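Step one of this worksheet: look at the structure below.
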Amino acid sequence: MTVAQAHDWQQAMAERIVCHDDMNDVRTIAGVDVGFEENGTVTRSAVAVLAFPQLQLLDFTIARLPTCMPYIPGLLSFRETPAVLAALQQLTVKPDLLLCDGQGRAHPRRFGVACHVGLLSGIPAIGVGKQKLCGEHDVLPDEKNSVVALTEGQETIGTVLRSRRGVKPLYVSIGHRVSLTSAVHFVQQSLAGFKLPEPIRWADGLASNRGKTVEKANHILGRTS
DNA sequence: GCGACAG
DNA sequence: ATCTTGTCGC
């Protein structure tokens, strides 16, 4: 598939994204992230499922697949989704909602990684980016919970959220089966004093295994191996 | 032509 | 994303 064909596919799939709330009661919420090993030749995806709104770890999985393609702005999901879907299928506790590290609808063709993962898995998903891919927005007050619309032309594609004072904001956008208003609400409800929501903090640590996160998670879940 | 460009 | 030293603030 060429870059142009990939673009066409994204544009077509974007029309299948459900942009309104279409989910059951959220009792479990999962963080999704991806890391790389072996000099980038291996893609490692981690999914951490937490109880909602308690935010206690309930389950986690890690999947490793050969890296299928390089990073290309706008086509990130093709590189990460295979590993993410593999990790999701290994879960024992099924998540009611996904918090993906990256953009959702706030994408040039409205089909970021959160949309890609949400659509292919069928699970409601939200995109939480640490950096902006596209769109413009007004100055955001340096106050916790400040929000401002992320727009492109007359279209609102996401919400810029200051999850903590003194840090760069989060770029929240619709992934699948959730409204932007609810998306921002769930992200705020998943914060516990840090810049990133808890589900993503766990997934982030598990994907790169920083600070012996895997060992800590196994300990909490009472797993021997 | 120049700047931007998720992870 | 990944690598990597030092520094600022609570």
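Worth saying up front: this structure is predicted, and the values here are computed from it rather than measured. In what follows, every chain begins at residue 1, and chains take the letters A, B, ... in the order their sequences are listed.
- Ring-plane geometry between A:Phe111 and A:Trp9 is classed as perpendicular, the angle between the planes exceeding 60 degrees on a 0 to 90 degree scale with a lower cut at 30.
- Rounded to an integer number of Å, the gap from A:Asp101 CG to C:dA1 P is 7 Å.
- Counting any heavy atom pair closer than 4.0 Å across all strands shown, A:Leu75 reaches a base atom.
- Counting non-hydrogen atoms under 4.0 angstrom, A:Gly129 reaches the backbone sugars and phosphates but no base.
- Side chain of A:Thr213 to backbone of A:Arg210: a donor-acceptor contact under 3.5 angstrom is found.
- Regarding A:His137, its NE2 atom lies at a distance of 14 Å from the P atom of B:dA6, rounded to whole Å.
- The phosphate of B:dG7 (OP1 or OP2) has a side-chain N or O of A:Lys130 nearer than 4.0 angstrom.
- Contact annotation for A:Gly74: base contact, defined as any heavy-atom pair under 4.0 Å involving a base atom.
- If you check every strand for non-hydrogen atoms under 4.0 Å, A:Asn39 touches nothing.
- Proximity of A:Tyr71 to the phosphate of B:dA6: a side-chain N or O atom is located under 4.0 Å from OP1 or OP2.
- Both A:Val26 and A:Trp202 belong to a common hydrophobic cluster when Ile, Leu, Val, Met, Phe, Trp and Tyr are linked at side-chain heavy-atom distances under 4.5 angstrom.
- We find that CG of A:Asp204 is positioned 8 Å from P of C:dT2, with the value rounded to whole Å.
- Atom CZ in A:Arg105 sits about 17 Å away from atom C1' in B:dA6, given to the nearest Å.
- Computed from coordinates, the A:Leu196 CG to B:dG7 P distance equals 10 Å when rounded to whole Å.
- Using a 4.0 Å heavy-atom distance criterion, A:Gln103 is classed as a base contact.
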Would you please test A:Ile200 and A:Val128 for side chain to side chain contact (heavy atoms under 4.5 Å, CB included) and show each step?
CA-CA 9 Å; A:Ile200 290 184; A:Val128 180; 3.6 Å; yes
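- Residues A:Glu80 and A:Val117 fail the side-chain proximity criterion, which asks for heavy atoms closer than 4.5 Å.
- In this structure, A:Leu150 places its CG atom 14 Å from C1' of B:dC5, rounding to the nearest Å.
- Regarding A:Phe36, its CZ atom lies at a distance of 12 Å from the P atom of C:dC3, rounded to whole Å.
- The CZ atom of A:Arg44 sits 10 Å away from the P atom of C:dT2 (whole-angstrom rounding).
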